[in-house]
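Single-structure report; data block below.
Throughout, residue positions are numbered sequentially from 1 according to the sequence presented. One-based numbering, in listed order, for ligands and for the atoms of each. Note that this is a predicted model, so its numbers are computed, not measured.
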Amino acid sequence: MTGEGSSIAEKQSAAEKVGTSELKSNAKRVVASGKREFGGAKGAIALMLGSPAVMYYLWICQAYNDGQILLPKSLNASGLSDFFRFCGQCIYEGAYPTRQAWTIFLTFFFVQMLFYVTLPGLRTRGLPLKHRNNQSLPYLCNAVWSFYTSIAIMTVLHVSNIFRITTLLDIFGSLMTVAICTAFVTTFVIYAGIIVFRGKLFDTPHRLSGNVIYDMFMGAGLNPRIGRMLDLKMFFEVRIPWFTLFFLSISAAVRQYERYGYVSPQVAFVCLAHYLYANACAKGEELIVPTWDMAYEKFGFMLIFWNMAGVPYTYCHCTLYLAARNPAVYKWSTEYNVFLYTLLLCSYYVFDTCNSQKNRFRQQIYGQYKPRKTFPQLPWQLIKNPTFIRCANGGTLLTSGWYRYARKIHYTADFFQSLSWALITGFGSPLPYFYPCFFFVVLVHRVTRDVKKCKVKYGADFDEYCRICPYLFIPYIF
Ligand SMILES: NC(=O)C1=CN([C@@H]2O[C@H](COP(=O)(O)OP(=O)(O)OC[C@H]3O[C@@H](n4cnc5c(N)ncnc54)[C@H](OP(=O)(O)O)[C@@H]3O)[C@@H](O)[C@H]2O)C=CC1
Ligand SMILES: C=C(/C=C/[C@@H](C)[C@H]1CC[C@H]2C3=CC=C4C[C@@H](O)CC[C@]4(C)[C@H]3CC[C@]12C)C(C)C
């Protein structure tokens with residue numbers, strides 16, 4: 001069945017006549033199908049220890065080995081013990097969690113929390129939550145106010161010499177250590193709070209596997225909050241990672257201007273790229289509310305660590321590479337620069353409008369759609385009369401807009417954004433290419449999980465969707 005031609009209100013009423021028993025049984029199957037992901041407890045331990053190790057290794061290559069891959073033989077080390085001793089020395093010297101780093105990190109963290117609960121914003125509601133009797137949670141979407149207020153405050157602090165933004169790059173290693181430590185502490189505090197206080201603090205336990213390590217990694221709660229409105233998942237997914245990434249790039253631009261008297265096209269590129277991403281997350285915050293991460297993904301180490309430390313301190317190696325060198329080293333041709341700026345902007349357009357189409361469609365179906373005037377509101381971000389499949393379980397699958405051409409074209413676009421961030425640095429170091437390579441693996445994993453989840457949840461209707469839209473990443477190709 002398709003929902004062609006009928007009004008959104010009629011479609012919404014159809015969605016509301018959802019067979020809850022069918023939805024519940026489908027959802028249980030979805031959970032059961034994904035019960036032990038990431039290799040279970042052993043995989044969780046490996047990822048909890050491996051993630052910080054990878055971050056420190058990348059940083060040591062960047063800060064102590066001119067951006068080249070560091071191997072034991074390159075140290076003339078007699079063995080691995082010498083190699084690890086060298087790395088330990090680098091971390092102690094260059095990434096010690098100093099009082100200054102703790103002060104900067106925690107000030108930014110708690111000021112963002114203060115903005116979250118005080119600044120004006122758009123109020124919306126999330127998807128109906130099965131375990132809350134199909135009730136939805138309220139969300140206050142004021143990240144765009146927080147973003148521009150933060151920019152204004154950072155500007156005043158820098159210009160008045162109270163806090164020079166170039167400090168972020170000067171103490172990058174220490175800030176990274178503080179972020180890693182805080183992520184582990186936050187993971188433990190939120191897990192313990194939910195398990196011990198069972199609903200009186202943060203959230204009630206949700207879909208626990210019974211294995212403490214695995215549940216700490218995946219999360220004990222689905223929508224942990226401080227008070228009624230401070231949604232920790234939304235707070236960590238938007239404000240901490242992408243605002244930090246953007247300010248690191250601005251830090252590089254200010255440092256380059258102070259040293260050389262101008263900002264190179266390459267540093268300007270990473271500032272634009274990280275502005276676009278951070279601003280997208282902020283101006284589209286209400287469209288994050290109906291996503292899988294908000295409605296299904298529990299809040300544990302995976303989301304906490306990667307939002308708090310992984311994203312800002314590994315996705316930034318393009319910035320670190322450019323900031324550490326004379327712009328003459330990467331003075332590319334005008335044609336190459338124009339190509340990369342075009343690739344970035346076109347990829348961003350598809351990424352923004354595709355995510356917008358699907359999530360605004362979700363809001364329309366649940367009667368939560370509210371137009372906004374945040375910048376930028378792009379053409380084709382909303383499908384006015386969407387065609388969609390009205391599924392047997394009461395759900396809906398959009399079959400127009402970008403979703404007519406490829407089921408995950410926003411993944412493709414987002415990947416090409418990440419690739420452009422690396423290409424702007426040239427080919428002098430492999431470190432800026434960590435993000436696109438890591439992201440490729442993340443997206444392949446997410447699409448595999450998602451296809452499995454949608455097949456279980458939508459059954460034959462998902463097969464119908466795949467018939468209507470047979471391409472996954474690239475229209476008419478793959
Ligand atoms: N930079 C980074 O580190 C990361 C970036 N991202 C980006 O975030 C964005 C969102 O990614 P993600 O949340 O993983 O994936 P999606 O936005 O694709 O969300 C998947 C869910 O959307 C719903 N859905 C899928 N197809 C349709 C359809 N045709 N009509 C209606 N609903 C549909 C299903 O959920 P249901 O039907 O149950 O509602 C499905 O489970 C992407 O652009 C991705 O690149 C993601 C991860 C990390
Ligand atoms: C999984 C992680 C992080 C994921 C986020 C970066 C993305 C998850 C949902 C994404 C978005 C949803 C809808 C949008 C509307 C568009 O108009 C603009 C873009 C966006 C806000 C988009 C942005 C990326 C997400 C927030 C961690 C583990 C890295």
- request: Flag W242 as yes when one of its N or O atoms lies below 3.5 Å from any N or O atom of ligand 1, and as no otherwise.
  value: no

task: Keeping the roles fixed (side chain from D203, backbone from I194), state whether a donor-acceptor pair exists under 3.5 Å.
output: no

message: Is there a polar contact between ligand 1 and K358, counting only N or O atoms under 3.5 Å apart?
response: yes

query: Looking at atom 2 (C) of ligand 2, what's its closest protein heavy atom, distance included?
result: D293 OD2, 4.1 Å

- prompt: For ligand 1, which atoms sit closer than 4.0 Å to a heavy atom of L397?
  reply: 27 (C), 28 (C), 30 (N)

query: Can you tell which part of E237 has a heavy atom less than 4.0 Å from ligand 2: side chain, backbone, both or neither?
result: side chain

- prompt: Quick one: does D414 get an N or O within less than 3.5 Å of an N or O on ligand 1?
  reply: yes

query: What is the minimum heavy-atom distance between S356 and R360, and which atoms define it?
result: OG-NE, 2.5 Å

message: When you measure from the side chain of R225 to the backbone of R228, do you find a donor-acceptor pair of N or O atoms at a distance under 3.5 Å?
response: yes

- prompt: Judged by modelled atom types alone, do Y56 and T177 share a side-chain donor-acceptor pair under 3.5 Å?
  reply: yes

task: Check whether any heavy atom of R407 sits under 4.0 Å from an atom of ligand 1.
output: no

Nearest non-hydrogen protein atom, atom 12 (P) of ligand 1: Y411 OH, 3.5 Å

- line: When every non-hydrogen atom of L343 is compared with those of S420, the smallest separation belongs to CD2-CB, 3.9 Å

message: Side chain, backbone, both or neither: which applies to W306 and ligand 1 if a contact is any heavy-atom pair less than 4.0 Å apart?
response: neither

- prompt: Taking N or O atoms only and a 3.5 Å limit, does Y403 qualify as a polar contact for ligand 1?
  reply: no

- prompt: Which of the atoms in ligand 2, numbered in the order shown and given with their element, are less than 4.0 Å from a heavy-atom of L287?
  reply: 13 (C), 15 (C), 17 (O)

- prompt: Do Y411 and D450 meet the criterion of a side-chain donor-acceptor pair at a distance under 3.5 Å?
  reply: no

statement: Numbered in order shown, the ligand 2 atoms found under 4.0 Å of a heavy atom of N359 are 13 (C)

- prompt: Counting each atom of ligand 1 from 1 as listed, which ones have a heavy atom of Y465 under 4.0 Å away?
  reply: 29 (N)

field: Top protein contact for atom 23 (C) of ligand 2, by heavy-atom distance
entry: F351 CZ, 3.6 Å

- prompt: Near K457, which atoms of ligand 1 are under 4.0 Å from a heavy atom of that residue?
  reply: 36 (P), 38 (O)

query: Under 3.5 Å, is there a donor-acceptor pair between the T244 and R239 side chains?
result: no

query: Do you see a protein non-hydrogen atom under 4.0 Å from atom 8 (O) of ligand 1?
result: no

- request: Please report which non-hydrogen protein atom sits nearest to atom 27 (C) of ligand 2, along with the residue it belongs to and the distance in Å to one decimal place.
  value: N307 OD1, 3.7 Å

message: Below a 4.0 angstrom heavy-atom separation, can you tell me which part of Y435, side chain or backbone, both or neither, approaches ligand 1?
response: side chain

- prompt: Where's the contact between F351 and ligand 1, heavy-atom distance under 4.0 Å: side chain, backbone, both or neither?
  reply: side chain

task: State, to 0.1 Å, how close A101 and S174 come at their nearest heavy-atom pair, and which atoms those are.
output: CB-CB, 3.7 Å

message: Please check this pair: side chain of K408 against backbone of F473, looking for a donor-acceptor N/O pair closer than 3.5 Å.
response: no

query: Would a search of protein heavy atoms around atom 10 (C) of ligand 2 find one under 4.0 Å away?
result: no

query: Atom CG in L287, atom CG in D352: separation rounded to 0.5 Å?
result: 8.5 Å

task: Quick one: look at R446 and ligand 2, take heavy-atom pairs under 4.0 Å, and tell me if it's side chain, backbone, both or neither.
output: side chain

task: Might you point out which heavy atoms bring I468 and R404 nearest each other, and give the distance in Å?
output: O-NH1, 2.9 Å

query: At under 4.0 Å between heavy atoms, which part of H410 makes contact with ligand 1: side chain, backbone, both or neither?
result: both

query: Would you say the side chains of K457 and Y296 form a donor-acceptor pair under 3.5 Å?
result: yes

- request: Show which atoms of ligand 1 fall inside a sub-4.0 Å distance from at least one heavy-atom site of Y296.
  value: 38 (O)

Side-chain donor or acceptor of K298 paired with backbone N/O of R207 under 3.5 Å: yes

message: Using a 3.5 Å cut-off on N or O atoms only, is T291 in polar contact with ligand 1?
response: no

query: Just by modelled atom types, is the W292 backbone N or O under 3.5 Å from a matching donor or acceptor in the E297 side chain?
result: no

- request: Applying side-chain hydrogen bond (donor to acceptor under 3.5 Å, both in side chains), run through Y148 and N279 and close with a yes or a no.
  value: CA-CA 9 Å; Y148 288 97; N279 183 68; 2.6 Å; yes

query: Hey, would you say the H274 and W421 ring centroids sit under 6.0 Å apart?
result: yes

message: Show the atoms of ligand 2 that are less than 4.0 angstrom away from any heavy atom in V311.
response: 29 (C)

- request: Report the C-alpha separation of E285 and N142 in whole Å, then their side-chain angles, then the decisive distance to 0.1 Å, and conclude whether the side-chain hydrogen bond (donor to acceptor under 3.5 Å, both in side chains) test is met.
  value: CA-CA 8 Å; E285 187 182 14; N142 61 14; over 6 Å; no

message: Please check whether L398 reaches ligand 1 - meaning an N/O of the residue sits under 3.5 Å from an N/O of the ligand, judged on distance alone.
response: yes

- request: May I ask you to list the atoms of ligand 1 that are less than 4.0 angstrom from any heavy atom of Y458?
  value: 36 (P), 37 (O), 38 (O)

query: Which residue holds the protein heavy atom closest to atom 17 (O) of ligand 2, what is that atom called, and what is the gap in Å?
result: D352 OD1, 2.8 Å

query: Does any N/O atom on D293 come nearer than 3.5 Å to any N/O atom on ligand 1?
result: no

- request: Could you list which atoms of ligand 1 come closer than 4.0 Å to a heavy atom of F439?
  value: 1 (N), 2 (C), 3 (O), 4 (C), 5 (C), 45 (O), 48 (C)

query: Does at least one non-hydrogen atom of W242 fall below 4.0 angstrom from an atom of ligand 2?
result: yes

- request: Check whether the side chains of S150 and Q112 place a donor and an acceptor atom closer than 3.5 Å, and report yes or no.
  value: yes

message: If we ignore hydrogens and angles and just use 3.5 Å, is the side chain of Y341 paired with the main-chain N or O of P265 as donor and acceptor?
response: yes

- line: Candidates P376, A280, P290; heavy atom nearest atom 21 (C) of ligand 2 found on A280

- request: Enumerate the atoms of ligand 2 whose separation from the nearest heavy atom of L303 is less than 4.0 angstrom.
  value: 28 (C)

- line: Going by the 4.0 angstrom heavy-atom rule, the piece of N355 near ligand 1 is side chain

field: E297 near ligand 2 by a heavy-atom separation under 4.0 Å
entry: no

- prompt: What atoms in ligand 1 come closer than 4.0 Å to a heavy atom of D450?
  reply: 20 (C), 21 (C), 40 (C), 41 (O)

field: Nearest-contact summary for atom 14 (C) of ligand 2 - protein heavy atom, Å
entry: N355 CB, 3.6 Å

task: Using a strict cut-off of 4.0 Å, indicate which atoms of ligand 1 neighbour a heavy atom of K453.
output: 34 (C), 35 (O), 36 (P), 38 (O), 40 (C), 41 (O)

Under 3.5 Å donor-acceptor pairs involving side-chain atoms of residues 178-192, not counting sequence neighbours:
unit_1: T182; atom_1: OG1; unit_2: V178; atom_2: O; d: 2.6
unit_1: T186; atom_1: OG1; unit_2: T182; atom_2: O; d: 2.6
unit_1: T187; atom_1: OG1; unit_2: A183; atom_2: O; d: 2.8

field: Protein non-hydrogen atom below 4.0 angstrom of atom 25 (C) of ligand 2 present
entry: no

- prompt: Short question: side chain of S136, backbone of P128 - any donor-acceptor pair under 3.5 Å?
  reply: no

